[in-house]
Amino acid sequence: MTDDGHCQHFKLQAAFSDSDPDSCLLVMQDISELENAIELLKKQNEQLQQRLATIEQLKNRIREQSIRDPLTNLYNRRFLNEFMERELALARRNQKPLAVVMLDLDHFKQLNDQFGHQTGDKVIEMVAKHLLRQSRRTDVLFRYGGEEFLVILPNTNASQAQHLAENWRVHVEQAQVFAKHQAVNITLSAGISIYPEHGSTAFNLIQAADEALYQAKAAGRNQVVMC
Ligand SMILES: Nc1nc2c(ncn2[C@@H]2O[C@H](COP(=O)(O)OP(=O)(O)OP(=O)(O)O)[C@@H](O)[C@H]2O)c(=O)[nH]1
């Protein structure tokens, strides 16, 4: 230790002679600079690791924001194709069914016209919460459009999907919704398609679910139709 509190490092090397066992050569080397440089490098490396971890967190946050809908925090349509490709590949490999449920709020334009767009937004938010609360851990929910939701149900057959969609329909119908202190009835219609019966690509399955939804609307709304 020096007078000003710094550590000094020395390296001591001893060399013995074969011809003269009683003699030995001692070499002492001041390696303080080298040790200090190693210490500094270690600190800089730690700081770099911390910065890399922060960048990774930020990257994850940005990625998460880019695939989520800000109003409902459900996944957005941008993520849907990527997700469905992955899930369909899994379903194909494991020979499991996969259900696609398209849900749409009924007469939403009327609600907007009567209570305003802000109230409409609150209703969309509330419905998203209901759907999330009533879904299984494996179900993945998307906000597909304005008042349209899409749910992907891996490893789910037609009767299970019908049962789940019916459960969502009933929960939304029975939900207590107040708009400007007035109770309003919210209902939804749903269309379902199943892999592999109704299609083998994301495009075909979504189109089939959309057609089933159209039938549910045409048949009077507030109902679930299987493709
Ligand atoms: N508040 C709110 N309204 C939205 C949003 N996106 C779409 N809309 C409104 O939702 C309404 C959808 O109207 P339509 O497509 O005619 O459907 P609908 O009135 O629900 O009728 P059906 O679907 O046939 O039962 C339109 O008035 C859109 O302006 C949104 O993010 N927030």
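Sequence positions, counted from 1, serve as the residue numbers for this chain. When a ligand or atom number is given, it counts from 1 through the structure's own listing order.
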Discussion item. Below 3.5 Å, N or O to N or O, backbone or side chain included: is there any such pair between L105 and ligand 1?
Written reply: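 In this structure, L105 places an N or O atom under 3.5 Å from an N or O of ligand 1.
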Item to complete: Look only at interatomic distance and state if H107 has a nitrogen or oxygen under 3.5 Å from any nitrogen or oxygen of ligand 1.
Response: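 Among all N and O atoms of H107, at least one is under 3.5 Å from an N or O of ligand 1.
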With atoms numbered from 1 as shown, which atoms in ligand 1 lie under 4.0 angstrom from a non-hydrogen atom of [X]?
| X | result |
| --- | --- |
| N112 | 1 (N), 2 (C), 3 (N), 4 (C), 8 (N), 9 (C), 10 (O), 27 (O) |
| R221 | 22 (P), 24 (O), 25 (O) |
| D106 | 20 (O), 25 (O) |
| G146 | 5 (C), 6 (N), 7 (C) |
| D104 | 23 (O) |
| G120 | 1 (N) |

Taking atom types as modelled and ignoring hydrogens, do the side chains of [X] and [Y] form a donor-acceptor contact shorter than 3.5 angstrom?
| X | Y | answer |
| --- | --- | --- |
| T72 | D69 | yes |
| T187 | D106 | yes |
| S200 | R92 | no |
| H171 | N167 | yes |
| E173 | N185 | no |

Practice prompt. Could you tell me the separation between the CG atom of N222 and the CD1 atom of I186, rounded to the nearest 0.5 Å?
Written response: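 One finds 11.0 Å between CG of N222 and CD1 of I186.
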Worksheet entry | Gap between atom CG of L131 and atom CZ of R143 - 0.5 Å precision |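 Here the interatomic distance stands at 12.0 Å.
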Item to complete: Is it possible for you to check whether R68 lies under 6.0 Å from the centre of the six-membered ring of Y75, through NZ or CZ, and within 45° of that ring's axis?
Response: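 Yes, a cation-pi geometry holds between R68 and Y75.
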Salt bridge check, [Y] against [X]: does any charged N sit closer than 4.0 Å to a carboxylate O?
| X | Y | value |
| --- | --- | --- |
| E125 | K122 | no |
| R63 | E82 | yes |
| E56 | K59 | yes |

Counting only heavy atoms closer than 4.0 Å, does ligand 1 sit against the backbone of [X], its side chain, both, or neither?
| X | answer |
| --- | --- |
| K122 | neither |
| Q118 | neither |
| I124 | side chain |

Which residue and atom name correspond to the protein heavy atom nearest [atom], and how close is it?
| atom | answer |
| --- | --- |
| atom 20 (O) of ligand 1 | F108 N, 2.6 Å |
| atom 32 (N) of ligand 1 | D121 OD1, 2.6 Å |
| atom 23 (O) of ligand 1 | K217 NZ, 2.9 Å |
| atom 13 (O) of ligand 1 | K109 CB, 3.7 Å |

Worksheet entry | Test item: protein heavy atom less than 4.0 Å from atom 1 (N) of ligand 1 |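 Yes; the ligand atom in question has protein heavy-atom contact below 4.0 Å.
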Fill in: Shortest reach to atom 31 (O) of ligand 1 by a heavy atom, considering only E148, R143, E147
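It is R143 that holds the nearest heavy atom.
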